[in-house]
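The next block holds one structure in the form of structure tokens; read it before the comments.
In what follows, chains are A, B, ... by sequence order, proteins preceding strands, each numbered from 1.
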Amino acid sequence: MSIYVNKDTRVIVQGITGKQGAFHAEKMIEYGTAIVGGVTPGKGGQRLLGVPVFNTVYDAVKETGANASVIYVPPKFAADSILEAIDAGVEIIVCITEGIPVLDMARVRHYLDGSNSRLIGPNCPGIITPDECKIGIMPGYIHRKGHVGVISRSGTLTYEAVKQLTDRKIGQSTVVGIGGDPIRGTGFVDCLKAFEADPDTLAVVMNGEIGGSGEEEAADYIRTMTKPVAAFIGGQSAPPGKRMGHAGAIISGGKGTASGKIEALRAAGVEVAMTPDLIGEALVRAVTARGIKLQDL
Amino acid sequence: MKIHEYQAKELLAAYGIAVPDGKVARTADEAFEIASAMCPCVIKAQVHSGGRGKAGGVKLANSPEEARDIAQKMLGMTLVTKQTGAEGRPVRSVLVAAAVEVDKEYYLSITTDSQRAGLVIVASAAGGTEIEETAAKNPEAIVQIPISVTEGFKTYEGIRAAQVLGLDDLLQKQLVFMLGAMTRLYLEKDCSLIEINPLVKTRDNRLLCLDAKINFDDNALFRHPDVLDLRDFSQEDAKEYKASCSDLNYVSLEGDIGCLVNGAGLAMATMDIIKNFGGSPANFLDVGGSATTERVKAAFEILLSDKNVRAIFVNIFGGIMKCDIIAEGLVQATREMGVSIPIVVRLEGTNVDAGRKIINDSGLSIISASDMADGARKAIEAAKGGRA
């Protein structure tokens, strides 16, 4: 078991004929993901990497039975690509694109709320259920199949956390990059609920960062969870008012500080790592405190 | 992206919103000319920062001659406010604006509410320079009213805002119009903040935007060339400006350890670990996921141009970014620029063996680190012995 994606997930790549799209489609296929087609308007009828290319998501879904899509489309057009996937009834939409205008995402979120689709991202590394399905840009080899769920707002920091787990022979059920933008499809609480409900997940690691209130909301939900959670919050040394790379990583009006988030998580019983090299150790402390054996992870 | 007050007021005026008469001046003589038609007037230094009044950047002139003298002193000075840091911002222009007889000051802004995926009006009857203090001490005096991005502004939202400010019927009508226009401007130009502080009630009972600040969503600038034309590079940190030209995410800080990292989250975490171990990061720098050798070199140039930097910590977890590309850029940059300060490198991830080999074979004295914590400790140690 896992959350959101597994070996039965059938994926199409929006923007498959672009440089990024083609490169990552190949990597996903190598990993064993069921990539069943691609979409690039005007290039329908071609074949690439052994899969058919369609003009629209609607055609791709109809012909391939895809239930997931991954978007590698430039920021100008990415919001429309998400809307197209929602309209075509795609269940899981993963948007990798960084730099989508904030107001475009605000409108997408309203459209999304009335649909049956789940959006992961944008501005995220994607989602992976080890040995089953990799959708995104993460290096597959650092992952190990197991029972710890990972949620993160950052790409490379996710890899850092995953490596620390894998080095300790602790495997992952599913790793979700929810993205660094202020308005996103799936949040911490969505993932925490899914991991709590997933019988194959025994504990959760979450990587938060400054800006927004997602970590505080997560802390509220964690109080009701039965599974242990470990966390790291990036940006403890970031100055206020400066955007730290991610559009969502900014402290404004005294809100969204790392210390406020750490305090909220600690109060909810979360094991917080104060430096990023201690994420793995924090998880170990969190699970052993609940009597879970490391070899069971 | 930020713009100057005079540019923000011009935009507001173009949407029919009332601002005091005024014009920008780039020389003292221009200030004299403008003031000749509107004395008494206020001379306001145009810099991308708040807190100008307390820093001596806003002065009243009772005659055109006085306006010229004040402008003469302000132009060319570096204004240091509590928001600019010690380096301050250069004053290249001043706004000469008609003085206004103020009866009462309010706070009014529109910003993006990411939690609700919409906009929000923020209003307070306690406007003026103390708004931050009000926010901290008396948060219930600040009221938030949501606006939908799909529905746009509604009259009832404006009536509520007017109630918060305690306006009479006449001013309520003015406020409803004003908020409607501000919402249109916000949505049409992809703003991230429109702040009127203070919004004032004049002695003759009119609403007027005495000061204005507009920020724009950097992600949306591609569809607003008119907004991009308003950018003033003189107001940006020189290193941050150079970085933006090379598509690097860079934020200048005050420490002595230069950081070169891939990914924003890891870059923030790298600063955190340095600080936590007792060191001080000189910057945030994310080279991005698809950096080329040239971009890595550009990043090195920026780090080395910072005179405070005494050691450099390169922290790479290659996912998409390949370690050999980083290593190649690093070796080339070090050779070409004759780097004399210690460099600590931690490489992990895709093509890590090829990357380490390039560094080892280079013959350069680069300190290698086994992981992030090891790298941070070595960089802190190296900075103690690096150049002054």
Side-chain angles (χ1 to χ4, degrees), chain A residues 20 23-24 75-76 98-110 113 125 137-139 142 152-160 163 180-183 207 209-210 212-214 217 232 234-239 241-249 252-254 258 274-278, chain B residues 83 85 111-119 132 135-136 148-150 186-187 190-192 217-220 222-223 249 251 253 261-277 280-281 284-286 288-290 316-321 348-350 371-374 376:
Chain A
Q20 293 282 319
F23 177 80
H24 293 297
K76 274 185 195 185
E98 174 175 5
I100 302 177
V102 176
L103 292 176
D104 287 6
M105 276 313 301
R107 295 182 185 101
V108 166
R109 255 281 295 279
H110 286 278
D113 287 344
I137 58 174
M138 65 290 276
I142 59 172
S152 179
R153 275 170 72 182
S154 138
T156 42
L157 193 56
T158 318
Y159 313 156
E160 189 76 45
K163 184 176 188 297
D181 274 6
I183 300 179
N207 276 336
E209 63 192 30
I210 53 167
S213 58
E217 289 152 27
F232 170 73
Q236 296 165 42
S237 55
K242 289 274 191 178
R243 164 175 158 172
M244 307 304 278
H246 286 157
S252 52
M274 287 313 286
T275 53
D277 56 316
L278 301 177
Chain B
Q83 292 177 16
T111 187
T112 304
D113 179 349
S114 50
Q115 213 178 337
R116 289 199 199 89
L119 308 186
E132 276 120 13
S148 159
V149 283
T150 50
Y186 198 102
L187 294 173
D190 281 285
C191 299
S192 59
D217 176 8
D218 291 340
N219 290 351
F222 69 83
R223 58 189 174 205
N249 281 317
V251 176
L253 301 169
V261 189
N262 69 323
L266 191 63
M268 261 186 279
T270 303
M271 289 160 43
D272 293 345
I273 198 167
I274 290 171
K275 195 116 181 196
N276 211 283
F277 289 174
S280 182
F284 163 97
L285 195 161
D286 166 18
S290 52
I316 301 296
F317 202 121
I320 299 326
M321 181 80 226
E348 193 61 70
T350 309
D371 59 29
M372 194 168 171
D374 183 45

Measuring from A/Met244:CE to B/Met271:CE, what's the distance to the nearest 0.5 Å?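 So the CE of A/Met244 and the CE of B/Met271 are separated by 3.5 Å.
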Drop me the distance from B/Phe317's CZ to A/Lys163's NZ, to the nearest 0.5 angstrom.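 Here the interatomic distance stands at 6.0 Å.
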Sole residue of B/Asn262, B/Thr270, B/Val261 in side-chain contact (heavy atoms from CB on, under 4.5 Å) with A/Thr156: B/Asn262
I'd like to know if B/Arg223 and A/Asp104 make a salt bridge, using a cut-off of under 4.0 Å between side-chain N and carboxylate O.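 Salt bridge between B/Arg223 and A/Asp104, a charged N being under 4.0 Å from a carboxylate O: yes.
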Under 4.5 Å from any heavy atom of chain B - which part of [X]:
| X | answer |
| --- | --- |
| A/Ile142 | side chain |
| A/Glu160 | both |
| A/His110 | side chain |

Hey, are the side chains of [X] and [Y] touching, using non-hydrogen atoms and a 4.5 Å cut-off?
| X | Y | result |
| --- | --- | --- |
| A/Asp277 | B/Ile273 | yes |
| A/Arg243 | B/Asp218 | yes |
| A/Arg107 | B/Leu187 | yes |

List in chain and number order the residues that pass ring pair (Phe, Tyr, Trp, His ring centres under 6.0 Å) with A/His24, two or more places apart in sequence or in another chain; answer none if no residue qualifies. A/Tyr72
Hey, is the main chain of A/Gln236 close enough, under 3.5 Å, to the side chain of B/Asp272 for a donor-acceptor pair?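 A pair under 3.5 Å: yes.
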For A/Thr275, does its backbone N or O pair with a side-chain atom of B/Asn276 as donor and acceptor, under 3.5 Å? no
Sequence-distant partners of A/Phe23, side chain to side chain contact (heavy atoms under 4.5 Å, CB included), two or more places apart: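 So A/Phe23 forms a side chain to side chain contact (heavy atoms under 4.5 Å, CB included) with A/Lys27, B/Lys322.
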How close do [X] and [Y] get, heavy atom to heavy atom, and via which atoms?
| X | Y | value |
| --- | --- | --- |
| A/Pro139 | B/Gly318 | CG-O, 4.2 Å |
| B/Asn219 | A/Gly99 | CB-O, 3.3 Å |
| A/Gly235 | B/Met268 | CA-SD, 3.7 Å |
| B/Ala117 | A/Ala106 | O-CB, 3.6 Å |

